[in-house]
Amino acid sequence: MTTSKTQLSMKLLVDTKAKKVLFAEADKSCVDFLFYILSLPVATVIRLLKRKGMNYGCLPELYDSVENLNDSYIQSKDILLRPKSSVTGVAPVPFLSITDVTATHKSFYTCSSYNHLTVSDGPSAICTGCNSYMSKRLTYVAPPTAVGAVAAAGGFVKDVVTYMVMDYLVVKPKSTISSINLLNKFNVKDVGVLKEKVVNFGMGEALKLLKASFESKTVLTSVFMSNAKKSRAL
């Protein structure tokens, strides 16, 4: 399981004159994490950022409204405040524990009668055929394709190339041609101002990336060049 001590790394190409990241080179682990952000429920994102004091907009207030609402007025808080990610069976993804929701295996239940072909995902359901609890647990067997996927590299992308991550989080396979085209796109006249910078980041930076992805079009610069910008301002 991924812990808070897990660290990933990216190689940034920095324009030292403009103090901004042009793009980054990232391996499969980094890209898996970035893509995993797409699967996080909004309530999970809000809860994680609130813990670190990284509130933004009015969604935290909406979250608090549900949390503070008396049970007399709401049917279920957990389904809103602690939703489960729709992505299951994909591992290993760095910072998978960022959801702070325990991963669960698929469980299905039926009644004790073999004549009633009814199935539920909870043991408290009532069989429509005999009106008894469907408390008999069934064994879930994954199809061969799913087993093969889990037994492979896991995650989302294939570990076949190095990936380019733009400052605004566009991800694409890296190539020499694409790198040259990007330098032309950014109108880089003097390659002497460019510098490679390897950054390692853990759970703290992962949460900053998560927050910045909602607020900024210059995510990598915001997270990894903030100190440089502050020094420049001074």
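Here the structure is a predicted model, which means the values were calculated and not measured. Atom set for the values below is all heavy atoms of this structure, side chains included, hydrogens, waters and symmetry mates excluded.
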| field | Donor-acceptor contact present, side-chain Thr110 to main-chain Thr118, <3.5 Å | value | yes
| Which atom pair, heavy atoms only, marks the closest approach of Thr44 to Pro83? | OG1-O, 3.8 Å
| query | For atom CG of Leu38, is the number of surrounding heavy atoms from other residues, nucleotides or ligands below 6.0 Å larger than 12? | reply | yes
| request: List the atom of Val45, the atom of Phe214, and the distance in Å for their closest heavy-atom pair. | output: CG1-CE1, 3.8 Å
| said: Can you give me the closest heavy-atom contact between His116 and Cys130, atom names plus distance? | reply: CE1-CB, 3.4 Å
| Check: Ala18 main-chain N/O paired with Asp15 side-chain donor or acceptor under 3.5 Å | yes
| Out of curiosity, does Leu183 fall in the hydrophobic cluster containing Val193 (side-chain heavy atoms, cut-off under 4.5 Å, transitive links)? | yes
| query | How long is the gap from CE on Met54 to CD on Glu215, to the nearest 0.5 Å? | reply | 10.0 Å
| What is the distance from atom CE of Met10 to atom NZ of Lys197, rounded to the nearest 0.5 Å? | 11.0 Å
| field | ring pair (Phe, Tyr, Trp, His ring centres under 6.0 Å) between Phe224 and Phe201, worked out | value | CA-CA 9 Å; Phe224 298 113; Phe201 62 98; 5.8 Å; yes
| From Lys185 atom NZ to Phe23 atom CZ, the distance as rounded to the nearest 0.5 Å | 11.5 Å
| field | Residue list, side chain to side chain donor-acceptor pair (under 3.5 Å) with Asn184, at least two apart or on another chain | value | none
| task | Decide side chain to side chain contact (heavy atoms under 4.5 Å, CB included) for Leu62 and Leu59; before the verdict, give the C-alpha distance in whole Å, the side-chain angles of both, and the deciding distance to 0.1 Å. | result | CA-CA 5 Å; Leu62 183 62; Leu59 285 177; 4.2 Å; yes
| query | Hey, is CD1 on Ile79 packed in by over 12 heavy atoms from elsewhere, all under 6.0 Å? | reply | no
| said: Between Arg82 and Asp78, does any NZ, NE, NH1 or NH2 come within less than 4.0 Å of an OD or OE carboxylate oxygen? | reply: no
| message | Tell me whether Asp121 contacts the main-chain N or O of Tyr109 through its side chain, where contact means a donor paired with an acceptor under 3.5 Å. | response | no
| query | Looking only at heavy atoms, what is the nearest atom pair of Lys28 and Lys158, with distance? | reply | CD-C, 4.5 Å
| task | Sorted by first residue and then second, give each salt bridge (Lys or Arg N to Asp or Glu O under 4.0 Å) pair with at least one member in residues 56-73; sequence neighbours left out. | result | Lys50-Asp64, Asp71-Lys77
| task | Examine distances only and state if a side-chain atom of Ser222 and a backbone atom of Thr218 form a donor-acceptor pair shorter than 3.5 Å. | result | yes
| field | Heavy-atom neighbours of Lys211 NZ exceed 12 at 6.0 Å | value | yes
| task | Indicate whether the side chain of Asn187 and that of Lys189 have a donor and an acceptor atom separated by less than 3.5 Å. | result | yes
| query | Of the non-hydrogen atoms in Tyr63 and Arg47, which two are nearest, and what is the gap between them? | reply | OH-CD, 3.2 Å
| said: If I compare all heavy atoms of Gln7 with all of Gly202, which pair ends up nearest, and what's the gap? | reply: NE2-N, 4.2 Å
| request: Look at atom OH of Tyr163 and say whether more than 12 heavy atoms of other residues, nucleotides or ligands are closer to it than 6.0 Å. | output: yes
| query | Going only through I, L, V, M, F, W and Y residues with side-chain contacts under 4.5 Å, is there a path from Val188 to Leu13? | reply | yes
| query | Quick check: does any side chain N or O of Ser9 sit under 3.5 Å from a backbone N or O of Val199, one acting as donor and the other as acceptor? | reply | no
| message | Side chains of Ser175 and Ser178: any donor to acceptor distance under 3.5 Å? | response | yes
| note | One should read off an interatomic distance between Glu25 CD and Cys30 SG, to the nearest 0.5 angstrom, of 11.5 Å
